[in-house]
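Scroll down for the structure; my scribbles are underneath it.
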There are 2 protein chains.
Amino acid sequence: MHTIGTLSKRTGTKVQTIRYYEQIGLMREPVRSSGGQRRYHDADLDRLAFIRHSRQLGFPLDAIRELLDLSDAPSRPCADADAIARRQLRQVELRIERLRALRKELKRMVDDCDGDSVAECRVLEVLRDHSECLTQHEEIGA
Amino acid sequence: MHTIGTLSKRTGTKVQTIRYYEQIGLMREPVRSSGGQRRYHDADLDRLAFIRHSRQLGFPLDAIRELLDLSDAPSRPCADADAIARRQLRQVELRIERLRALRKELKRMVDDCDGDSVAECRVLEVLRDHSECLTQHEEIGA
DNA sequence: TCTTGAACCTCTACCCGCTGTAGGTCCTAT
DNA sequence: ATAGGACCTACAGCGGGTAGAGGTTCAAGA
Ligand SMILES: [Zn+2]
Ligand SMILES: [Zn+2]
Ligand SMILES: [Zn+2]
Ligand SMILES: [Zn+2]
């Protein structure tokens with residue numbers, strides 16, 4: 001049996017975050033000590049490690065929830081798990097593409113400015129007028 | 001004089017977002033009609049366009065705030081504006097690096113799975129055990 | 001056995017950058 | 001005059017946590 005602090009140290013997760021995961025139903029409710037403190041089994045430690053590692057690989061919490069559910073049914077085919085991972089891969093690739101387009105525009109505006117007065121600053125000119133850009137932009141926050 | 005709806009259409013910004021920008025002090029408080037509705041000058045339209053374009057290029061709102069302040073002082077040198085843009089460029093480059101590392105791991109786990117049962121799923125194996133990874137990961141959410 | 005103090009508890013609020021909804025008011029065209 | 005779109009305020013919620021207040025429990029040392 002482990003305390004929440006032990007889980008925290010062993011997985012590099014803040015104590016509050018573990019409680020948050022419990023609150024949203026991602027971690028199961030653990031048993032409690034006579035004084036009301038959480039006591040975890042090894043299985044909980046594994047589950048938290050899984051969650052954290054999935055987060056480090058960028059999976060959103062609801063995808064992790066699905067993966068955990070799948071992980072509990074060992075005899076089923078793994079097509080669903082693979083599909084989630086491929087979806088995540090596509091998301092990452094999409095974000096890379098978007099950021100590369102941004103980088104291009106930013107690089108260009110920074111490189112083009114000769115560092116004169118604000119009135120002729122290339123950076124501010126481009127920000128004021130999108131027609132100075134080479135590419136279209138994605139929706140904000142997409 | 002323009003209504004908020006006109007600003008919204010002309011800049012592709014939701015009406016609520018414009019009001020939000022006002023609330024956080026990014027847009028100036030406009031004059032009001034006798035009935036209390038917002039009425040904007042052309043300068044406000046320009047300012048909103050600037051904000052939106054900067055957002056499309058990924059600048060956070062506080063950087064945009066600085067850029068707007070700088071933009072109001074045309075005779076000063078533009079070093080500060082350029083520095084903000086270079087900082088943004090570095091952020092974007094950093095994010096690209098991180099995502100490329102993620103992509104590599106995700107690609108590998110997806111490619112390695114032969115689609116058998118969950119018990120032998122390569123995707124789930126990797127998620128359970130970071131030592132199956134080739135690279136270290138950044139802090140979550142960084 | 002008592003005392004200390006680190007670790008735990010609940011609850012609430014906050015971060016970014018918006019978005020959505022409820023319930024009401026204004027403006028303008030017919 | 002009336003309809004109905006556009007506007008108003010105020011508040012809640014998203015994801016994925018993080019911080020703090022104010023109180024309790026636990027375990028080790030004296
Ligand atoms: Zn410049
Ligand atoms: Zn542009
Ligand atoms: Zn698989
Ligand atoms: Zn890993």
Side-chain angles (χ1 to χ4, degrees), chain A residues 1-27 29-40 44 48 50-68 88 91 95 98 137-142, chain B residues 1-27 29-40 44 48 50-68 88 91 95 98 137-142:
Chain A
M1 295 297 245
H2 316 285
T3 65
I4 198 168
T6 306
L7 257 75
S8 170
K9 262 168 227 143
R10 301 266 286 266
T11 63
T13 314
K14 301 224 158 123
V15 166
Q16 288 104 307
T17 304
I18 302 174
R19 291 198 282 246
Y20 168 71
Y21 287 161
E22 181 183 327
Q23 201 183 306
I24 61 169
L26 203 56
M27 287 294 285
E29 288 193 16
V31 294
R32 301 279 185 144
S33 73
S34 56
Q37 298 192 356
R38 289 169 178 79
R39 293 294 179 262
Y40 294 95
D44 297 312
L48 183 55
F50 185 102
I51 294 170
R52 280 276 112 178
H53 193 217
S54 303
R55 286 293 297 131
Q56 288 184 314
L57 291 163
F59 288 87
L61 293 181
D62 53 359
I64 297 174
R65 206 186 295 270
E66 288 184 72
L67 288 166
L68 283 166
Q88 173 64 11
Q91 289 299 311
R95 278 200 273 161
R98 285 177 179 150
H137 313 300
E138 312 280 340
E139 297 265 322
I140 290 171
Chain B
M1 294 296 244
H2 316 285
T3 65
I4 199 170
T6 306
L7 258 75
S8 170
K9 262 169 225 141
R10 300 264 288 267
T11 64
T13 314
K14 299 228 159 118
V15 166
Q16 286 104 311
T17 304
I18 301 173
R19 290 199 281 245
Y20 168 71
Y21 288 160
E22 181 184 327
Q23 202 183 304
I24 62 169
L26 203 55
M27 287 294 284
E29 288 193 14
V31 295
R32 300 279 184 145
S33 73
S34 56
Q37 298 191 355
R38 289 169 180 81
R39 295 292 180 261
Y40 294 96
D44 297 313
L48 183 56
F50 184 101
I51 295 170
R52 281 275 111 178
H53 194 215
S54 303
R55 287 292 296 131
Q56 288 184 315
L57 290 165
F59 288 87
L61 293 181
D62 53 0
I64 297 173
R65 205 186 296 269
E66 289 184 71
L67 289 166
L68 283 167
Q88 172 64 10
Q91 290 298 311
R95 278 200 273 161
R98 286 178 179 150
H137 313 299
E138 312 281 339
E139 297 265 322
I140 290 171

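Throughout, a chain's letter reflects where its sequence line sits, starting with A, and its residues are numbered from 1. Every heavy atom of this structure was used, including side-chain atoms; hydrogens, water molecules and symmetry mates were not. This one's a predicted model, so the numbers in the text were calculated from it and none came from an experiment.
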Closest contact, heavy atoms only, B:Leu48 versus B:Thr11: CD2-OG1, 3.4 Å
Distance in angstrom units between A:Arg52 CZ and D:dG16 P, rounded: 11 Å
Tested for side chain to side chain donor-acceptor pair (under 3.5 Å) against B:His137, the lone hit among A:Arg55, A:Gln56, A:His53, A:Arg52 is A:His53
Nearest atoms (heavy-atom pairs only) where A:Ile64 meets A:Phe59: CD1-O, 3.5 Å
Treating A:Gln88 as the side-chain partner and A:Leu57 as the backbone partner, does any N or O pair qualify as donor plus acceptor under 3.5 Å? yes
Starting from P on D:dG16, measure out to OH on A:Tyr20 and report it in whole angstrom. 7 Å
Indicate yes or no for a side-chain donor-acceptor contact from B:Gln91 to the backbone of B:Gly58 under 3.5 Å, with no hydrogens or angles considered. no
In terms of heavy-atom contacts, B:Leu26 and B:Leu61 come closest through CD2-CD2, 3.7 Å
Just by distance, do the side chain of A:Thr13 and the backbone of A:Ser8 share a donor-acceptor pair under 3.5 Å? no
Can you list, in residue-number order, the parts of residues 54-68 of chain A that come under 4.0 Å of DNA chain C, counting heavy atoms only? none
Atom CE of B:Met27 and atom P of C:dC18 are separated, to the nearest Å, by 13 Å
Once you round it to whole Å, what is the distance between C1' of C:dC8 and OH of A:Tyr40? 11 Å
Presence of B:Tyr21 side-chain N/O under 4.0 Å of C:dG17 phosphate oxygens OP1/OP2: no
Identify the heavy atoms of A:Asp44 and A:Met27 that sit nearest to each other, and give their distance. O-CE, 3.5 Å
Just the table, please: protein N/O against nucleotides 20-22 of chain C N/O, every pair under 3.5 Å.
unit_1	atom_1	unit_2	atom_2	d
C:dG20	N7	B:Gln16	NE2	3.1

Using a cut-off of 4.0 Å on non-hydrogen atoms, how would the nucleic acid contact of A:Ile24 be classed: base, sugar-phosphate, or nothing? nothing
Taking only nitrogen or oxygen atoms into account, show me every contact under 3.5 Å that the protein makes with nucleotides 24-28 of chain D, one pair per line with its distance.
unit_1	atom_1	unit_2	atom_2	d
D:dC26	OP1	A:Ser33	OG	2.8
D:dC26	OP1	A:Gly35	N	3.0

One pair to check against side chain to side chain contact (heavy atoms under 4.5 Å, CB included): B:Gln37 and B:Thr3. What are the steps and the verdict? CA-CA 8 Å; B:Gln37 298 191 355; B:Thr3 65; 5.6 Å; no
Under 4.0 angstrom between A:Thr17 side-chain N/O and D:dT18 OP1 or OP2: yes
Taking every non-hydrogen atom, the tightest pair across A:Leu68 and A:Phe50: CD2-CD2, 3.6 Å
Identify the heavy atoms of A:Arg65 and A:Ile24 that sit nearest to each other, and give their distance. NH1-O, 2.9 Å
Whole angstroms only, please: what is the CG-C1' distance between A:Leu26 and D:dG15? 13 Å
Taking CD1 from A:Ile4 and P from C:dT10, how many angstroms apart are they, rounded to a whole number? 9 Å
Specify the separation, in whole Å, of atom CD1 of B:Ile18 and atom C1' of D:dT9. 16 Å
Set out, in order, the CA-CA distance, both residues' side-chain angles and the distance that settles side chain to side chain contact (heavy atoms under 4.5 Å, CB included) for B:Arg38 and B:Arg32, then state yes or no. CA-CA 5 Å; B:Arg38 289 169 180 81; B:Arg32 300 279 184 145; 3.4 Å; yes
Nearest-Å distance for atom pair CD/P, residues B:Gln23 and C:dT19: 14 Å
Would you tell me if any nitrogen or oxygen in the side chain of B:Arg32 comes within less than 4.0 Å of OP1 or OP2 on D:dT9? yes
Please determine whether a side-chain nitrogen or oxygen atom of A:Arg38 lies at a distance below 4.0 Å from atom OP1 or OP2 of C:dC9. yes
